[in-house]
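Here is the naming used below: chain letters follow the sequence lines, and residue numbers restart at 1 for every chain.
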Amino acid sequence: MPETIIIHLTINGTGRSFRTPPGRRLLDLIRDDAGQTGTKEGCGAGECGACTVLLDGLPIPSCLVLAASCEGHEITTVEGLVHDGSPHAVQEAMVETGGVQCGFCTPGVIMTSVALLENSIDDREEQGRRLAGNLCRCTGYEKIFHALEVAGTTDD
Amino acid sequence: MTKIQPPLGGSHRRPDAMAKATGQTRYVGDLALPGMLHAAIAVSDRASARVLNFDVASARRMPGVEAVVTADEIPGDNQVGVIFPDQPLLVTDRVRMVGDRLALVAARTPEEAWDAARAISPAYEDQPGVFDPEKALDETSPTLHGTDNLLHTFQVLRGQTDPDHLDADVIVEAHYEIGGQDHAYLEPQACLAVPEGDRITISASCQCPFYIQQAVARVLAIPLASVRVEQAPTGGAFGGKEDYPSEPAACAAMLAWRTRRPVRLLYSREFDLQVTTKRHAMVVQHRWGADKNGRLVFAEVEAVLDCGAYAGLSTVVAERANVSAIGPYAVPNIMVRTRIAYTNNLFGGAYRGFGAPQVSFAAEATMDTLAHRLGMDPLEFRRINLVTPSDPLTCTDQPLAAPQMAQACLDRAVKDSEEHQIAPRAPDSWRRGRGISLALYGINLHRGGQFLDRSSAVVILQPDASVIVRVGLTEMGQGNLAAVQTVTAAALGIQPDKVQVWQPDTTTVADSGPTVASRGSHSSGRAVLDAIERLRRRLDPIAAELLGCRPEDVELADSCARVSGGGPSVPLIDVTREMAARRIETISTGWYRSKPRVFDEATGMGEPYASYAMACHVVDVAVDPDLGLVRVEHVAAAHDVGRVLHRTAAEGQVEGGVVQAMGWALTEELKLDQGRLLNPSFTDYLIPTSDDAPPVTVALLEDAPGRGPFGSKGLGEPAFIPTAAAIRNAVCAALDVEINRLPLTPPVIVRALAGNHRFKHLME
């Protein structure tokens with residue numbers, strides 16, 4: 001196996017290349033190589049969801065994905081949801097409703113929420129099931145559900 | 001006191017929220033400096049052993065390793081105990097728990113550091129350990145420190161306390177086994193130490209920068225003034241970042257001091273779960289009696305806290321447990337004894353509720369059992385025995401300022417529960433039950449910790465009428481920044497977005513103690529009001545000149561200074577510009593300390609707390625009678641909050657507290673085997689998900705003002721305390737069983753069903 005490989009992928013709309021060891025986790029590539037530290041590590045085992053990013057629009061735990069497997073793909077992180085200085089509707093709604101407390105789970109929760117809304121999942125039961133991979137210890141989830149409701153209305 | 005005005009009670013955006021939602025907030029793990037090294041800790045994997053020898057030479061030769069530090073290299077005291085000097089930073093000859101530290105490693109990458117730390121493996125000689133707190137108190141048990149394992153005993157003795165004379169028409173005896181809990185903050189422990197000549201800066205995820213300052217100064221043998229601790233944005237804490245962060249901070253500081261380079265220490269989730277403090281497991285024995293009319297006659301409580309291997313904060317946790325053991329009920333004769341036992345289990349520390357949730361669980365379970373034995377409705381039985389304006393004394397003989405709030409919270413929670421239309425989520429075949437529980441919460445620190453109950457603030461008024469605020473108490477997600485911002489804006493009559501509250505730093509504010517005991521907004525808010533009062537001694541005369549009135553007639557509202565009673569006004573910015581032009585001092589300090597109180601530790605009589613808050617939770621559950629699964633369908637939570645400072649932050653405290661307590665009640669089992677945690681992962685240690693969380697109807701009652709800013713009361717812990725007992729009572733009502741342990745995992749519930757279980761023949 002080579003010492004390092006070159007990986008090409010798109011992060012938050014910009015095509016980039018990284019020379020990294022072949023075993024590098026996508027999470028480390030995003031945080032340490034691309035300097036996008038908004039994505040958090042809460043467990044390193046795919047249990048907590050704090051490291052959730054969108055891979056071609058699909059929410060995935062970036063701590064369990066090899067960076068090399070993302071060759072040619074598109075990654076969106078919480079930083080990439082801000083366009084021309086304007087936060088995404090989900091970010092606005094999380095702030096507006098009080099869905100943000102300690103903030104450590106927030107980036108992951110927001111990435112999963114964006115995917116939920118883009119797939120028009122607006123039933124609370126279904127939202128609860130699909131957000132269950134994003135642990136939050138502060139809010140009891142009530143205001144996160146409220147944020148989803150508010151953001152869902154904004155999108156329409 | 002300034003009158004109530006906007007934005008009090010509003011739901012304006014929390015000042016820290018957008019940076020967190022867009023990924024801009026820099027937690028410790030997001031900070032890196034050139035030349036920074038990564039720390040790791042070599043720890044014991046056994047709970048009780050003599051350390052015969054250990055070799056660190058080979059670890060020193062491993063790739064990337066820059067330093068390995070052992071106990072003999074500590075320049076100051078090898079001691080990190082918060083209250084008792086019973087805990088070394090690094091052990092030398094004996095380990096008392098899994099996770100005891102042997103050596104510290106600094107290396108160029110985290111992987112290299114942890115590889116080297118894991119390679120350090122001493123020769124041990126195992127010693128007998130003790131893992132059961134009640135057995136630990138037997139004379140024959142192996143001891144951890146000194147001649148026995150009893151760390152301390154607290155008591156409450158009121159009225160007739162001779163057990164032989166405590167008799168009643170109906171007596172309930174119950175034995176409660178209550179499990180511990182991990183804080184499971186989403187951000188594991190983290191700190192960064194940066195040396196600079198004869199001083200050092202620590203950035204830490206923490207609840208008390210001052211504790212860290214003291215620990216680092218002690219370990220490095222340098223003056224307190226040489227240690228700067230800034231609180232980094234903190235990704236959840238819940239008590240787990242009160243006492244504990246001094247330990248990793250002292251480790252990182254030692255390595256930074258030794259290598260003269262920045263050193264960052266980040267715990268992995270597994271390591272964090274395995275070695276950090278936990279909510280105390282507790283065993284509580286009850287003997288409570290009532291007369292045939294349903295009046296409580298006596299309450300006898302014997303509680304034993306599992307301290308674990310080191311004292312930590314166990315004495316102060318037990319102190320709160322001791323006086324919280326009866327709840328908001330008027331009982332003439334009381335005998336409470338609370339003992340703390342050293343064991344070789346993981347050590348207990350601060351955790352939201354601080355001993356009160358365990359004893360409240362027992363009290364509220366016994367209340368239900370007594371009601372059933374009396375043939376009374378548990379709701380009615382509680383109504384008969386609640387403290388009232390005519391019977392307003394707590395178990396320590398302290399008169400409550402607003403005893404009527406117990407009844408008010410009960411009525412409101414019951415009403416909200418009945419009016420809420422539950423859309424059942426569980427199948428029809430599951431059994432349904434409703435449970436009630438109350439809490440009487442002593443706000444702020446117990447009288448025993450009163451020496452810590454002071455708080456510092458700095459307010460700097462800017463020429464453009466915006467304001468910089470520094471307080472000594474921390475934001476960890478609970479909303480202290482929002483609360484302080486709100487209090488400042490309301491007191492100065494300005495918009496909240498003109499107020500910037502910055503995180504605590506030991507070089508900008510004086511020691512304000514820990515952000516615990518639901519004292520954050522109370523103590524920092526009161527200090528800010530004091531600073532503003534002092535600032536106005538300089539501001540009001542200038543405003544009076546501009547307005548042509550007397551300084552005492554100046555009031556601040558709507559971003560203006562105006563003559564009180566509806567006279568002329570000038571924009572506040574005109575006043576601040578004038579102050580700047582005249583070079584008037586616009587920085588002001590503020591201070592808050594609670595008033596001295598009287599409390600007799602021998603009898604437990606007196607004023608353990610300055611004031612109290614009430615809460616009541618009513619819970620609806622559905623239980624699968626085959627598998628023992630529980631779904632919480634709805635929670636109605638009514639809280640006596642005095643005054644809402646920030647509405648969504650207050651609601652968030654209640655909603656989050658309820659769900660965290662639900663985890664403790666149902667799924668969060670610390671599986672310990674010989675002191676080692678068998679389930680140190682979120683796959684095996686289950687905290688509630690969005691799929692588990694019930695809808696919570698929150699009622700914030702503002703009828704009885706408290707002593708916090710604008711009449712507010714602490715809320716963070718009362719939000720947690722009643723839930724678990726309400727869930728237990730609901731589960732027992734649903735199944736018609738009595739279960740006296742936590743957590744209520746499926747095996748516990750199935751075992752309780754015993755002869756009534758569908759597959760009882762398989763359980764023989």
**Q** What residue, out of A:M94, A:R129, A:Q36, A:E41, has the most heavy-atom pairs lying under 4.5 Å from chain B?
**A** A:R129
**Q** Taking A:A132, A:A45, A:G38 one by one, which has the highest count of heavy-atom pairs under 4.5 Å against chain B?
**A** A:A132
**Q** Which atoms of B:R647 are under 4.5 Å from chain A, going by heavy atoms: the side chain, the backbone, both sets, or neither?
**A** neither
**Q** Which bit of B:P233 comes within less than 4.5 Å of chain A, counting heavy atoms only: side chain, backbone, both or neither?
**A** neither
**Q** What part of A:L135 gets within 4.5 angstrom of chain B, counting heavy atoms only: side chain, backbone, both, or neither?
**A** both
**Q** Checking B:H12 against chain A: side chain, backbone, both or neither under 4.5 Å from a heavy atom?
**A** neither
**Q** Checking salt bridge (Lys or Arg N to Asp or Glu O under 4.0 Å) between A:D33 and each of A:R25, A:R24, A:R19, which is the one that passes?
**A** A:R24
**Q** Given that the side chain runs from C-beta out, which part of B:M476 has a heavy atom under 4.5 Å from chain A: side chain, backbone, both or neither?
**A** backbone
**Q** Which heavy atom in A:I144 sits nearest to a heavy atom in A:L131, and how many Å separate them?
**A** CG2-CD1, 4.0 Å
**Q** How about B:E717 and B:S518: does a side-chain donor come under 3.5 Å of a side-chain acceptor?
**A** yes
**Q** Relative to chain B, which of A:C43, A:G98, A:C105, A:G133 shows the most heavy atom pairs under 4.5 Å?
**A** A:C43
**Q** If you count heavy-atom pairs under 4.5 Å with chain A, which of B:V658, B:T648, B:D692 comes out on top?
**A** B:T648
**Q** Sort A:F104 into side chain, backbone, both or neither according to what part of it lies under 4.5 angstrom from a heavy atom of chain B.
**A** both
**Q** Please report the closest heavy-atom contact between A:I121 and A:R130, naming both atoms and the distance.
**A** CD1-NH1, 3.1 Å
**Q** Between B:S11, B:A17, B:A482, B:A693, which residue shows the highest count of heavy-atom pairs closer than 4.5 Å to chain A?
**A** B:A17
**Q** Pick one of side chain, backbone, both or neither for A:T37, based on which atoms fall under 4.5 Å of a heavy atom in chain B.
**A** both
**Q** State whether the side chain of B:Q478 and the backbone N or O of B:A237 hold a donor-acceptor pair below 3.5 Å, judged by distance alone.
**A** no
**Q** Does a donor on one side chain and an acceptor on the other come within less than 3.5 Å for B:Y185 and B:D272?
**A** yes
**Q** What part of A:T39 is in contact with chain B, defined as an atom under 4.5 angstrom from a non-hydrogen atom: side chain, backbone, both or neither?
**A** neither
**Q** Scan side-chain atoms only and decide if A:T112 and A:N134 contain a donor-acceptor pair under the 3.5 Å cut-off.
**A** yes
**Q** Identify which part of B:T22 has an atom lying under 4.5 Å from any heavy atom of chain A, answering side chain, backbone, both or neither.
**A** both
**Q** Side chain, backbone, both or neither: which part of B:P188 has a non-hydrogen atom closer than 4.5 Å to chain A?
**A** side chain
**Q** Look at the rings of B:F271 and B:Y267 and say which category their plane angle falls in: under 30° parallel, 30 to 60° tilted, over 60° perpendicular.
**A** perpendicular
**Q** Pick whichever of B:G479, B:G657, B:G23, B:G656 has the most heavy-atom pairs under 4.5 Å with chain A.
**A** B:G656
**Q** Heavy-atom distance under 4.5 Å to chain A: side chain of B:A649, backbone, both or neither?
**A** neither
**Q** Please classify the contact of B:T234 with chain A as side chain, backbone, both or neither, using a heavy-atom distance under 4.5 Å.
**A** backbone
**Q** Can you find a side-chain donor-acceptor pair between A:S17 and A:H8 that sits under 3.5 Å?
**A** yes
**Q** Can you tell me how the ring of B:F720 sits relative to the ring of B:Y351, calling it parallel under 30°, perpendicular over 60° and tilted otherwise?
**A** tilted
**Q** List the steps, then state whether salt bridge (charged side-chain N to carboxylate O under 4.0 Å, His left out) holds for B:R425 with B:D691.
**A** CA-CA 10 Å; B:R425 301 179 67 204; B:D691 192 35; 3.3 Å; yes
**Q** Can any side-chain N or O of B:R264 pair as donor or acceptor with the backbone N or O of B:M36 at less than 3.5 Å?
**A** no
**Q** In terms of heavy-atom proximity below 4.5 Å to chain B, should A:R124 be classed as side chain, backbone, both, or neither?
**A** side chain
**Q** Side chains of A:T77 and A:N12: is there a donor and an acceptor less than 3.5 Å apart?
**A** yes
**Q** Among B:E187, B:Q207, B:Q189, B:H183, exactly one meets side-chain hydrogen bond (donor to acceptor under 3.5 Å, both in side chains) together with B:K241. Which residue is that?
**A** B:E187
**Q** Which atoms of B:Q653 come close to chain A, meaning under 4.5 Å heavy atom to heavy atom: side chain ones, backbone ones, both, or neither?
**A** both
**Q** Quick one: which of B:A21, B:A19, B:G663 has the most heavy-atom pairs under 4.5 Å with chain A, could you say?
**A** B:A21
**Q** Counting only heavy atoms closer than 4.5 Å, note whether A:K143 contacts chain B via side chain, backbone, both or neither.
**A** both
**Q** Go through B:E668, B:E270, B:E475 and name the one with the most non-hydrogen pairs under 4.5 angstrom from chain A.
**A** B:E668
**Q** Considering only heavy atoms and a distance below 4.5 Å, find which of B:A32, B:P694, B:P695 pairs most often with chain A.
**A** B:P695
